[in-house]
There are 2 protein chains.
Amino acid sequence: MSKPAKFNREETIQKAANLYWEKGFHATSMRNLQEVIDMRPGSIYASFGSKEGLFKEALQHYAQSGVAQLNLCVEQSDSPLAALKLFVEGAISSRKQNAPSGMCMLVKTVAELTEEHAELLAEAKQSLIMVETAFAKLLAQAQDNGELDSSQTPQALARFLQVQIIGIRTYAHANSDDNTIQDFIEAIFSNPPLAGRA
Amino acid sequence: MSKPAKFNREETIQKAANLYWEKGFHATSMRNLQEVIDMRPGSIYASFGSKEGLFKEALQHYAQSGVAQLNLCVEQSDSPLAALKLFVEGAISSRKQNAPSGMCMLVKTVAELTEEHAELLAEAKQSLIMVETAFAKLLAQAQDNGELDSSQTPQALARFLQVQIIGIRTYAHANSDDNTIQDFIEAIFSNPPLAGRA
DNA sequence: GCTCATTTTGAGCACCCGTTCAATTATAGT
DNA sequence: ACTATAATTGAACGGGTGCTCAAAATGAGC
């Protein structure tokens with residue numbers, strides 16, 4: 001009955017997300033995006049509505065793949081705490097690979113945008129909360145297992161972990177090359193409050 | 001022999017810095033700046049050369065006032081460690097006052113800019129190193145005083161502190177209102193490696 | 001009060017921005 | 001093959017961007 005869209009939506013969003021991730025929202029122009037995703041303005045606007053609409057979908061895609069990454073770490077690990085450590089190592093060493101930016105896209109977005117783009121800002125904040133909640137869930141499991149003591153709530157520990165990850169990734173990004181970062185990760189998981197008890 | 005400039009250079013840079021700090025480099029237009037600093041394009045370009053030139057001076061101004069702030073904390077405190085804590089508290093609670101953004105302008109800049117603005121990026125990174133060096137100096141004093149044990153180098157401790165500050169400020173910025181932040185600061189200075197040995 | 005180096009002004013430039021939409025192309029259903 | 005419908009194209013629009021520069025305003029030194 002009609003012509004089917006020839007582009008793969010998820011793949012397109014992924015490419016857009018990578019460009020947004022690298023350059024940020026304001027520095028990425030629609031013409032930049034047109035080249036990267038190989039679509040003309042009309043198609044882009046028909047599919048995503050606006051520059052903001054595409055960015056929002058890019059954010060969602062990024063957050064979802066982050067959660068998927070965490071789940072993968074859970075499958076590949078023997079314990080919740082080991083999974084978290086694996087996830088953190090992956091997130092931080094990702095900048096050496098093909099990641100567009102060493103920094104977390106959600107953090108970059110929260111850092112860049114103001115209330116002028118309230119919807120996008122809220123989306124990024126919400127996704128950060130989602131990730132933190134996933135952390136808390138794993139930390140609660142670790143406490144139930146006896147892998148971690150219960151002197152602090154899973155929520156507080158998740159917040160602590162979030163602060164550490166944000167701090168380390170941002171710091172690493174600001175100091176081009178530094179291999180002392182791994183030591184930092186070790187320290188987080190071998191000192192209170194996240195030290196496993198053998 | 002000539003007409004003296006009627007504008008106060010430092011005051012102007014301060015106003016520009018506040019706008020840049022609030023909105024970021026890309027989202028701040030020259031016309032925004034013209035309004036805030038009350039100067040016409042010709043004067044601005046005669047004085048600062050370009051949007052980047054003005055931003056660079058804004059960054060320098062910001063970093064200098066940060067160091068000045070730290071020195072003030074030293075004068076108002078009994079010990080190096082107390083000075084650092086005071087500084088951290090001031091930096092983080094500043095977002096409730098008149099600060100344009102809860103986040104550190106240097107971190108925002110490092111997060112936003114790419115190699116496309118290499119000079120500005122380098123300036124921001126350099127300033128972060130400068131601050132970290134100032135931290136290290138105070139931490140070394142704390143070790144000499146016996147206020148802090150010497151199991152880690154001042155540089156390593158300064159890096160640790162920097163990561164904590166970046167993490168907390170960014171986290172606080174992403175979670176609009178949160179008074180559990182003060183607890184976080186307490187924790188930093190009452191747990192290893194920065195716990196004083198009173 | 002005249003001179004003249006300097007600062008200030010603001011209209012305007014070339015270019016890029018996000019976005020629109022009429023025309024074209026493509027295809028599933030008949 | 002024809003039709004109906006949707007996807008795609010790309011020229012073009014209004015407006016904002018960073019920036020320029022000739023003209024006007026200013027005031028210190030004589």
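Per chain, numbering begins at 1; letters A, B, ... match sequence-line order. When reading the values below, keep in mind they use all heavy atoms of this one structure, side chains included, and skip hydrogens, waters and symmetry mates.
B:E116 has its CD atom 13 Å from the P atom of C:dC16, to the nearest Å. In this entry the distance linking CZ of B:F7 with C1' of C:dT9 reads 14 Å, nearest Å. B:Q34 places its CD atom 12 Å from the P atom of C:dA11, with the value rounded to the nearest Å.
Under a 3.5 Å cut-off, the side chain of A:Y171 and the backbone N or O of B:Q162 do not form any donor-acceptor pair. A:K108 places a side-chain N or O within donor-acceptor distance of the main-chain N or O of A:E22, the cut-off being under 3.5 Å. A donor-acceptor contact shorter than 3.5 Å links the side chain of B:Q143 to the backbone of B:Q152.
The side chain to side chain contact (heavy atoms under 4.5 Å, CB included) with B:I165 is formed by just one residue from the set B:I188, B:V107, B:V131, B:V88; it is B:V88.
In this structure, B:K3 does not reach the C:dT3 phosphate: none of its side-chain N or O atoms is under 4.0 Å from OP1 or OP2.
Using a 4.0 Å cut-off on heavy atoms, the residues of residues 22-32 of chain A that approach DNA chain C are A:T28, A:S29, A:M30, A:R31, listed by number. Taking every heavy atom of residues 36-53 of chain B and every atom of DNA chain C, pairs under 4.0 Å involve B:R40, B:P41, B:G42, B:S43, by number.
Neither side chain, B:Q60 nor B:Q64, offers a donor N or O lying under 3.5 Å from an acceptor on the other.
Ring planes of A:F25 and A:F55: perpendicular class, angle over 60° (limits at 30 and 60°).
More than 12 heavy atoms of other shown residues, nucleotides or ligands fall within 6.0 angstrom of atom CG in A:N8. Other residues, nucleotides and ligands place more than 12 heavy atoms under 6.0 Å from the CD atom of B:Q34.
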